[in-house]
Enquirer: 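Handing you a structure now.
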Amino acid sequence: MTQTPTRKLIIAIDGPAGVGKSTIAARLARKLGYANLESGAMYRALALKAIEWDTGFDDEAALMRLAGNSRIQLEPSLSGNRVLLDDRDVTARVRETDVTEGASRVSIHPKVRQWMVARQQEMGAGGGIVMEGRDIGTKVFPHADVKIFLDADPVVREQRRLEQIKARGSPAVLPSATLAAELRERDHRDRTRAASPLEAAPDAVVIDSSKLSEEEVLCRAEELVQQRLSAEQHLSS
Ligand code: C5P
């Protein structure tokens with residue numbers, strides 16, 4: 001049997017807010033020596049620009065003009081993505097509440113989504129990536145090698161998001177009831193928007209992480225990647 005060099009895969013991880021996608025994507029990417037890309041950070045960067053330029057989140061044409069004049073870059077690192085907007089480091093700023101709300105609102109516009117998807121496809125074209133978001137397995141990489149839809153009970157997600165914010169030492173920690181309401185509102189918007197609503201791709205493996213530890217989820221994700229790699233080795237032998 002001839003061993004073929006291992007192809008660099010495209011791995012899509014989708015799911016609602018607070019489910020732990022970023023952590024799993026970063027850890028999985030680290031194990032594989034791949035880059036992790038947080039697609040949501042790009043929507044966040046555009047929302048930040050809209051805030052700075054006083055462009056309404058609901059004005060699609062104005063948002064598209066802003067997008068056309070913006071340079072949004074993600075720099076993968078072991079701990080997450082560094083986010084650059086027009087060469088300025090906005091990594092911490094894009095996690096604040098006003099930007100979070102804005103990202104959820106700018107992402108409903110079909111043209112904004114098209115623009116983002118095209119950029120995300122360019123970023124991942126060479127493979128060797130774990131990209132996480134809401135539409136990676138359905139729209140950005142419908143032919144991704146591994147598709148995972150990570151889900152969890154809303155109460156568990158609220159708790160995880162709270163812990164994540166505390167761990168980041170964010171200056172603007174919301175009361176937990178406000179945070180829960182905000183998470184539910186974003187969820188609702190993501191799931192009910194007309195353009196690419198949040199849903200599992202038909203061929204995604206759904207992992208309900210409500211009762212699983214981070215290690216267990218990671219283990220399951222690694223198994224899926226190994227299965228895919230073994231299937232390829234088998235076919236080419
Ligand atoms: O994942 P994150 O919370 O950073 O995403 C911010 C917002 O961007 C989400 O609330 C969602 O509305 C939007 N988003 C999206 N499609 C993606 C990633 C994020 O619509 N692929």
Side-chain angles (χ1 to χ4, degrees), residues 10-26 36-51 57-58 60 63 67 72 74 76 79-85 90-124 129-142 144 147-152 154 157-158 160-165 168 170 174 179-201 204:
I10 294 180
I11 301 170
I13 303 186
D14 289 300
V19 78
K21 299 184 297 291
S22 309
T23 312
I24 295 299
N36 59 312
L37 294 165
E38 299 170 357
S39 66
M42 298 178 68
Y43 291 92
R44 287 173 181 271
L46 181 61
L48 174 59
K49 185 123 176 186
I51 292 169
F57 297 136
D58 304 325
E60 185 174 37
L63 288 169
I72 298 174
L74 301 182
S79 57
N81 283 187
R82 185 162 171 254
V83 188
L84 300 176
L85 173 61
V90 293
T91 311
R93 176 68 182 98
V94 295
R95 297 287 154 195
E96 289 177 21
T97 315
D98 55 341
V99 180
T100 300
E101 151 89 9
S104 167
R105 288 175 53 188
V106 303
S107 72
I108 68 164
H109 300 297
K111 287 188 181 139
V112 169
R113 300 202 67 82
Q114 261 172 29
W115 189 88
M116 293 288 176
V117 167
R119 250 123 229 107
Q120 290 155 2
Q121 287 171 336
E122 278 165 25
M123 290 163 88
I129 55 142
V130 183
M131 192 177 282
E132 56 104 341
R134 306 291 190 286
D135 60 345
I136 311 305
T138 51
K139 288 284 186 279
V140 181
F141 293 114
K147 294 185 190 179
I148 296 171
F149 190 89
L150 204 52
D151 211 347
R157 291 192 281 117
E158 282 157 25
R160 284 184 190 160
R161 180 44 55 92
L162 200 64
E163 280 159 18
Q164 191 186 39
I165 290 175
R168 273 197 198 119
S170 166
L174 293 171
L179 189 95
E182 183 245 21
L183 203 82
R184 273 196 295 271
E185 193 184 329
R186 280 212 288 151
D187 253 13
H188 179 73
R189 211 178 273 132
D190 280 345
R191 289 182 200 272
T192 56
R193 67 180 170 227
S196 320
L198 170 67
E199 59 189 359

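Note that ligands are numbered from 1 as they come in the structure, with each ligand's atoms numbered from 1 the same way. No hydrogens, no waters, no symmetry mates; every other heavy atom, side chains included, goes into these values.
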Enquirer: So which heavy atom in the protein is nearest atom 21 (N) of ligand 1, and how far is it from that ligand atom?
Expert: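 Going by distance alone, atom 21 (N) of ligand 1 is nearest to Asp135 OD1, 2.8 Å.
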
Enquirer: In ligand 1, which numbered atoms sit nearer than 4.0 Å to a non-hydrogen atom of Ser107?
Expert: 11 (C), 12 (O), 13 (C), 20 (O)

Enquirer: Looking at ligand 1, is there an atom of it that comes within less than 4.0 Å of some heavy atom belonging to Glu38?
Expert: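 Glu38: no contact with ligand 1 (<4.0 Å).
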
Enquirer: Decide, yes or no, whether a salt bridge links Arg134 with Asp187 under the criterion of side-chain N to carboxylate O below 4.0 Å.
Expert: no

Enquirer: Which atoms of ligand 1 are found less than 4.0 Å from any heavy atom of Arg95?
Expert: 4 (O)

Enquirer: Of all the non-hydrogen atoms in the protein, which one sits nearest to atom 8 (O) of ligand 1, and at what distance?
Expert: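 In this structure, atom 8 (O) of ligand 1 has Tyr43 CB, 3.7 Å as its nearest protein heavy atom.
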
Enquirer: Nearest heavy atom to atom 11 (C) of ligand 1: which of Val140, Ile136, Asp190 does it belong to?
Expert: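 Looking at heavy atoms only, Asp190 sits closest to atom 11 (C) of ligand 1.
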
Enquirer: Can you list the ligand 1 atoms lying under 4.0 Å from a non-hydrogen atom of Gly133?
Expert: 18 (C), 21 (N)

Enquirer: What closest approach, in Å, do Glu60 and Val112 show between heavy atoms, and which atom pair accounts for it?
Expert: OE2-N, 4.0 Å

Enquirer: Only heavy atoms count here, so choose which of Arg113, Lys21, Arg134 is nearest to atom 20 (O) of ligand 1.
Expert: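 Shortest heavy-atom distance from atom 20 (O) of ligand 1: Arg113.
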
Enquirer: Mark yes or no for whether Asn36, through its side chain, and Asn81, through its backbone, hold a donor-acceptor pair below 3.5 Å.
Expert: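 No: the side chain of Asn36 does not pair with the backbone of Asn81.
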
Enquirer: Is there a nitrogen or oxygen of Ser39 sitting under 3.5 Å from a nitrogen or oxygen of ligand 1?
Expert: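 Checking ligand 1 against Ser39, an N or O pair does fall under 3.5 Å apart.
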
Enquirer: I need the nearest protein heavy-atom contact for atom 5 (O) of ligand 1: residue, atom name and distance, please.
Expert: Gly40 CA, 3.5 Å

Enquirer: Taking heavy atoms and a distance under 4.0 Å, where does Lys139 meet ligand 1: side chain, backbone, both or neither?
Expert: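 Under 4.0 Å from ligand 1, Lys139 contributes no heavy atoms.
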
Enquirer: Side chains of Arg161 and Glu182: closer than 4.5 Å at any heavy-atom pair?
Expert: no

Enquirer: With no hydrogens and no angle check, just 3.5 Å: does a side-chain donor-acceptor pair link Arg95 and Thr100?
Expert: no

Enquirer: With no hydrogens and no angle check, is any side-chain donor or acceptor of Glu38 less than 3.5 Å from a backbone partner on Gly80?
Expert: no

Enquirer: Using a strict 4.0 Å cut-off to heavy atoms of Arg44, name the atoms of ligand 1 that fall inside it.
Expert: 2 (P), 3 (O), 4 (O), 6 (C)

Enquirer: For atom 7 (C) of ligand 1, what is the closest protein heavy atom, and at what distance to 0.1 Å?
Expert: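 That would be Ala103 CB, 3.8 Å.
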
Enquirer: Can you name the nearest heavy-atom pair linking Leu63 to Phe57, along with the distance?
Expert: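 The answer is CD1-O, 3.3 Å.
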
Enquirer: Treating Arg82 as the side-chain partner and Thr91 as the backbone partner, does any N or O pair qualify as donor plus acceptor under 3.5 Å?
Expert: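 Not at all, since once roles are kept as given, no pair shorter than 3.5 Å links the two residues.
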
Enquirer: Quick one: CZ on Arg93 to CD1 on Ile51, what's the gap to the nearest 0.5 Å?
Expert: 5.5 Å

Enquirer: Would you check whether Arg161 reaches within less than 4.0 Å of ligand 1, judged by its heavy atoms?
Expert: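 Under 4.0 Å: no for Arg161.
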
Enquirer: Provide, to 0.1 Å, the distance between atom 10 (O) of ligand 1 and the closest protein heavy atom, together with that atom's residue and name.
Expert: Arg186 NH1, 2.8 Å

Enquirer: Looking at Gly18, is its backbone amide N or carbonyl O close enough to the side chain of Arg160 to form a donor-acceptor pair, meaning the two atoms are under 3.5 Å apart?
Expert: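 Checking the backbone N and O of Gly18 against the side chain of Arg160, no donor-acceptor pair under 3.5 Å is found.
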
